[in-house]
Number of protein chains: 2
Amino acid sequence: MNLKQLAAHLNLSQTTVSRALNGYPEVNEQTRKRVMEAAQALNYAPNARAKGLATGRAMAIGHVIPMSTQHQMMNPVFGDFIAGASEEYVKAGYDMTLSVTGDRDEKENYRRLKAKGNVDGIIVHGPSMTDARIPFLRQLGLPFVVHGRATELDLPYSWVDMNNTHAFQRATDFLLDLGHRRIALINGLEFMDFAYRRRVGFEQAMAGRGAAVDPRYMTAGEMTESYGFESAARMLALPDRPTAMITSSVIAAIGIRRAIHAAGLEMGRDVSVITHDDDLSFLRNGPDVPIFTATRSSVYEAGRIAAAMLLAHIADPALPAQPRLLEAQLIIGGSTGPVPQDAR
Amino acid sequence: MNLKQLAAHLNLSQTTVSRALNGYPEVNEQTRKRVMEAAQALNYAPNARAKGLATGRAMAIGHVIPMSTQHQMMNPVFGDFIAGASEEYVKAGYDMTLSVTGDRDEKENYRRLKAKGNVDGIIVHGPSMTDARIPFLRQLGLPFVVHGRATELDLPYSWVDMNNTHAFQRATDFLLDLGHRRIALINGLEFMDFAYRRRVGFEQAMAGRGAAVDPRYMTAGEMTESYGFESAARMLALPDRPTAMITSSVIAAIGIRRAIHAAGLEMGRDVSVITHDDDLSFLRNGPDVPIFTATRSSVYEAGRIAAAMLLAHIADPALPAQPRLLEAQLIIGGSTGPVPQDAR
DNA sequence: GTCAGGTACCGAAGCGCTTTGGAAATGCCC
DNA sequence: GGGCATTTCCAAAGCGCTTCGGTACCTGAC
C-alpha cells in the first residue's frame, strides 16, 4: 500500500492525501478525516526512504558506540542511555540507528554515516580527553551531542556530562570527614575523560586536606568485577592497607566487596567503599537502603537529555552549542563508616 | 557529492559510474579504477535512502527490544547480543536500527516498521511462551529470527536459542550428585520462555532422582541483584534452609552471594550456587578460575548466529525456517561443593 | 562486404514521497 | 452578473539512485 494506491482508492490526488496526512491547512477537515481513516484502515504508513529522499531529512539519529578493541567490552551503561534517548526519539517520531565500531576506523565511519544520509544527527559516546571525533564532526557539519566531554578540547560543542570532578571531590571529602586518610582510587581507564576528571576531583579533595595521594592506592582499568576484586585484593594485602576506596562503577564495587570479604574484613566497618552509581535499571544499588554509599547520576536521564538536545539542534541549526552539566547526588549507604580505631 | 556530480566530474554517465561502483561486469577495468579512485578521493558514498528506494532493499536490520514496563528494565544481555550481531551486519554492509518499545503497542510497531520500509528483517528479543509476535510476523511476511523461542507455538520459524532445559537439568544433576536435596531455584519471570524452560529442566532433574521440589525454594522475578539477595535471604532464614541454589543470571547470583555472607555463611561450603552465565563482556565470571559454577553460553555468539541466519533468510527468502539450538557448557567454579555434613 | 557477437558506454524511466505553481470551484460584495 | 478573495484540490517536477533497453564501435568468421 503506497500513496498512489491510497489516493486512487480515495479518488483524490497524491498531493491532497499527502497534505491531509501531514497536517497542512489547505485541506478540508472532512477530507482529512476521510483520508486519515482510510490510511488507518488500510494501515498505510509512508515509506520512510521515499519520504527521506523527498524531504532531505532522515528522521533518524545515529549512535556510534565504540567497542574497546582490547577487551571487546561493551559498556554496560549503554543500554540504559539508549533507553532514555529512545523515549525522546519516539515522542518526536525519530528512529535510532546503531553502529558498533572499533576505535580504529571511527572517523571514516562518521563520514560514511553523513554521506549515506541516513541520520540527521549523532550522539557521540565515550569521549577521550583529546577526542579527535569532536573537531572532525564539527567540520563535517553533522549535528551531534557528546555524552561526556573532552577536557583538552577548547571548542564549542554540545555535551551532556555529569560533574565528575565535583562528585568525586565530594565523595573524597566525605571519607576525609570520617577520618580516612589512606584512600584508594580504583578508577576507569584514564584516557577516558570521565575517569580523568574523577581522578582530578579525588586529588583536589586530598590536597585540600593535606592528605597524601599514594600511587600504590591508585589504579586505572576497565571497570569489571574482577578488576575491582584484583585491585582491591592487591591493596588490602599491603602492610598499610587503605581504609577506604572510591571506585567508578557498581560492578567494580561488587568486586571490591568480594575482595574485602575474602580478606576476612567487613565492608563499611574495616574498609569503606564509595562507588559511582549510574543508576542502571538492572543493577540498582539496593531498593530503599542503598548497599553502597555512592555518587549517583542517572544515565537514563542523561540519555533523555542528550537526545532532546540533539533534536533541538536539528530543528534549529542556528542554536548555539550547549553544555549541560548534571550534578550527582551523594547518597549514603551501608558501605561507609568512620575510620577504624587501629588505623587512626 | 552525489552520483550526478561524480559522473559529471568523470565525464561519464550516471549509469556507468553506478555500474562501476557496484561491480557490474560491463565496464572497462580501467574506467572502473578511475571511478573508484575518484569516489574515494571525493569521499562519495551513495545516498542510502535513494539506493533503498531504487532497489527496494533497505540494507538494514531492525532490533525491537521490549522494555519491561513494570520495572522499566533494560535487559543487560542486550548490549552483548547487539555487539555480536553487529559484527555480521558490518561484514554484509547492513545497518542496524533499534526500537525500544513497551510491551503494549509492539504489534503496531512491527507493522509500522514494515510499512515504513526501513528494515529488511528483524530480530525478535525476549519471547514469551505464547508470543503473539511470532504468528503476527509470519503473516506480515517480514523476515525475522527470534532470540529464544516460544514453547507453546507450533509454527515453523527461525530461532537461535540455548538449550535451557538441558543446561538446568545438568546443573541440577550436578548438585544432586554432590548430595544436595534441598535445592532452590531463583528464576527469571516465568512467562518468559527461557525461564520456563529452565524450570522444566530443574524439575525434570529433581523428579529423575526422586527429590522433592519445595515451592518455598522457588521464586520467579526480574533478575536484579536485590532480587537475588532478597530471595536468597528469605530462603536462608527458613529452618530447613536450602543447601544449594540455582539462578538464571550472574547479577542475581551476586545478590545471592551477598545474602549468604550476610547470613554468616560461606558460598561453596555452606551453600552451593550455580548460575547461568551469558558471558557478558562487562561481567565476566572470573578471568581464569570462575567465581561461580555456571552453565555458560555466550550471548555475543548468539547475536552473531542470529544475525547471520537472518541475513541468509533475506538473501534467499525460499530458505526454510531454521532452528538453532546452542548447548551451554557446565563450568565448575568455586561456588559449589558437597552438601554440608549436618544437612545430610 | 556483411553480419553475428562482444565490449563499453548512455538515456531515460521509475522507486514513493513532497512541494511548487497553478486551476477550478465557491462565496461574497457591489 | 462581474470581480475578487478564499478554499480546495491537482499535475508535474524533483529528491539520488538503479536498471531496462538501447546505441556505437570493434572484431573476426563466412
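All chains are named by letter (A, B, ...) in the order of the sequence lines, taking the proteins before the strands, and each is independently numbered beginning at 1.
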Per nearest nucleotide of DNA chain D, the residue lying toward the 5' end, B/Tyr24 or A/Thr55, is A/Thr55

What distance do B/His147 atom NE2 and B/Phe78 atom CZ have between them, rounded to the nearest 0.5 Å?
10.5 Å

Pick the closest DNA chain C nucleotide for B/Ala50 and for B/Val17 by heavy atoms, then say which residue is nearer the 5' end.
B/Val17

Per atom distances to the B/Gln14 side chain, the nearest of D/dC9, D/dT18, C/dT18 is D/dT18

Interatomic distance, B/Asn47 CG vs D/dT18 P [rounded to whole Å]
10 Å

Candidate nucleotides D/dA11, C/dG16, C/dC10, ranked by approach to the side chain of B/Thr15 - the nearest:
C/dC10

Using whole Å, report how far CG of A/Asn118 lies from C1' of D/dC15.
15 Å

A/Arg32 CZ to D/dT7 C1', in whole Å, measures 13 Å

Side-chain donor-acceptor contact under 3.5 Å, A/Glu87 with A/Tyr300
yes

Per atom distances to the B/Lys51 side chain, the nearest of C/dG16, D/dT18, D/dC10 is D/dT18

Could you give the CG-to-P distance, from B/Asn22 to D/dG16, as a whole number of Å?
17 Å

Any idea which of D/dC17, C/dG16, C/dC9 is nearest the B/Thr31 side chain?
C/dC9

Indicate whether OP1 or OP2 belonging to C/dG16 is found under 4.0 Å from a side-chain N or O atom of A/Tyr44.
no

The side chain of B/Ser13 is closest to which nucleotide in this list: C/dC17, C/dC10, D/dC9?
C/dC10

Counting only pairs under 3.5 Å, give me each side-chain donor-acceptor contact of residues 57-66 of chain A, with atom names and distances, residues two or more places apart or in other chains.
| residue | atom | partner | partner atom | Å |
| --- | --- | --- | --- | --- |
| A/His63 | ND1 | A/His125 | NE2 | 2.9 |
| A/His63 | NE2 | A/Tyr89 | OH | 2.9 |

Rounding to an integer number of Å, can you tell me how far B/Leu12 CG sits from D/dC17 C1'?
16 Å

Rounded to whole Å, the NZ-P distance (B/Lys4 to D/dC15) equals 6 Å

Listed nucleotide nearest any side-chain atom of B/Leu53, set C/dG16, D/dT18, C/dC9:
C/dG16

What is the distance from atom CD of B/Gln322 to atom NE2 of B/His313, rounded to the nearest 0.5 Å?
6.0 Å

Starting from C1' on C/dC9, measure out to CZ on B/Arg34 and report it in whole angstrom.
12 Å

Taking the side chain of A/Thr16 as heavy atoms from C-beta outward, which of D/dT18, C/dT18, D/dC10 is closest to it?
D/dC10

Using whole Å, what does the distance between atom P of nucleotide D/dC10 and atom CG of A/Leu3 come to?
12 Å

Is a side-chain N or O of B/Asn47 found less than 3.5 angstrom from the main chain of A/Gly117, in a donor-acceptor match?
no

Relative to the 5' end of DNA chain C, which residue comes earlier, A/Arg19 or B/Ala54, by the nucleotide with the nearest heavy atom?
B/Ala54

